[in-house]
Amino acid sequence: MEIKDYRQPMVTSIGVILGFLMGFLGQWVTEPTFKLVTSADHLVFAGSLLGVVLLLVAMYRMLSPVLPTQLMHYYRRTLQLYMCGIVVAFSSMVVSAFI
């Protein structure tokens, strides 16, 4: 198995998810009535922002060169960052619906 078989789908999915999150945040914060008043607002904003940061770190790690001896550990950690970014971003939106 070559690394390109892992890298290309992950970079594509990170781009799609980042596009969704950035579009969501961009539309939300530019509304004239935007205020972080409730705990649900704070949760969604913080979760989305943290998710974007984690996904950007995962994207950076996917696109940076790695020495072959570190390959397995490096990409396992990158996958963990990727999954954490997705879970944090979307679970904050789901949890806020119940607050």
Side-chain angles (χ1 to χ4, degrees):
M1 201 75 160
E2 294 183 34
I3 196 64
K4 69 177 178 70
D5 295 332
Y6 293 105
R7 185 177 283 167
Q8 189 273 333
M10 202 168 190
V11 168
T12 301
S13 65
I14 289 173
V16 169
I17 295 167
L18 278 174
F20 167 75
L21 286 172
M22 296 301 287
F24 171 75
L25 285 173
Q27 184 177 8
W28 186 35
V29 300
T30 57
E31 290 179 359
T33 59
F34 172 74
K35 289 182 184 173
L36 295 177
V37 179
T38 66
S39 59
D41 292 341
H42 284 89
L43 181 66
V44 170
F45 187 75
S48 297
L49 196 60
L50 181 60
V52 166
V53 169
L54 288 171
L55 289 170
L56 285 173
V57 170
M59 175 77 85
Y60 173 80
R61 289 176 62 97
M62 285 305 295
L63 296 176
S64 65
V66 182
L67 297 173
T69 57
Q70 303 170 341
L71 200 60
M72 182 64 90
H73 176 68
Y74 185 83
Y75 284 112
R76 182 177 297 132
R77 182 71 180 141
T78 303
L79 179 62
Q80 291 169 346
L81 287 169
Y82 169 74
M83 293 306 296
C84 284
I86 292 171
V87 168
V88 166
F90 291 107
S91 65
S92 67
M93 291 179 196
V94 171
V95 169
S96 73
F98 299 103
I99 292 180

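Pairing each heavy atom of Ala89 with each of Leu21, the nearest pair is CB-CD1, 3.7 Å. Here the closest heavy-atom approach between residue Ser96 and residue Leu43 is recorded as N-CD2, 3.8 Å. Minimum heavy-atom separation, Gly47 to Ser92: CA-OG, 3.5 Å. Residues Arg61 and Thr78 come closest through the heavy atom pair NE-OG1, 2.8 Å. Looking at every heavy atom in both residues, Met93 comes nearest to Ser48 through CE-OG, 3.5 Å.
Considering only heavy atoms from C-beta on, Leu55 stays 4.5 Å or farther from Met59 through its side chain. Here the side chains of Trp28 and Asp41 are in contact, with some heavy-atom distance below 4.5 Å. Looking at heavy atoms from C-beta onward, Ser13 lies in side-chain contact with Tyr82 at the 4.5 angstrom threshold.
Criterion: ILVMFWY side-chain heavy atoms under 4.5 Å apart, direct or through other members. Under it, Leu50 and Leu56 are not part of a common hydrophobic cluster. When the side chains of ILVMFWY residues are joined at heavy-atom separations under 4.5 Å, either directly or via intervening members, Val87 and Leu81 end up in two distinct hydrophobic clusters. If you chain together hydrophobic residues whose side chains sit under 4.5 Å apart, Val16 and Ile86 never meet in one group. Cluster membership for Met83 and Leu54, using ILVMFWY side-chain heavy atoms within less than 4.5 angstrom, is not shared. No continuous path of ILVMFWY side-chain contacts below 4.5 Å connects Val57 to Tyr60, so the two sit in separate hydrophobic clusters.
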Would Leu79 and Met10 satisfy side-chain contact (heavy atoms from CB on, under 4.5 Å), going step by step from the backbone distance to the final call?
CA-CA 9 Å; Leu79 179 62; Met10 202 168 190; 3.7 Å; yes
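Remark: the backbone N or O of Met62 is paired with a side-chain donor or acceptor of Arg7 at under 3.5 angstrom.
Heavy-atom contacts from other residues, nucleotides or ligands closer than 6.0 Å to CD of Gln27 number 12 or fewer. Within 6.0 Å of atom CZ in Arg77, 12 or fewer heavy atoms from other residues, nucleotides or ligands are found, so the atom counts as exposed in its surroundings. Counting non-hydrogen atoms of neighbouring residues, nucleotides and ligands closer than 6.0 angstrom, the CZ atom of Phe24 exceeds 12 such neighbours.
Residue Leu25 holds its CG atom at 10.5 Å from CG of Leu18, rounded to the nearest 0.5 Å.
Partners of Phe20 according to the ring pair (Phe, Tyr, Trp, His ring centres under 6.0 Å) rule, which considers only residues two or more places apart in sequence or in another chain, are Phe90.
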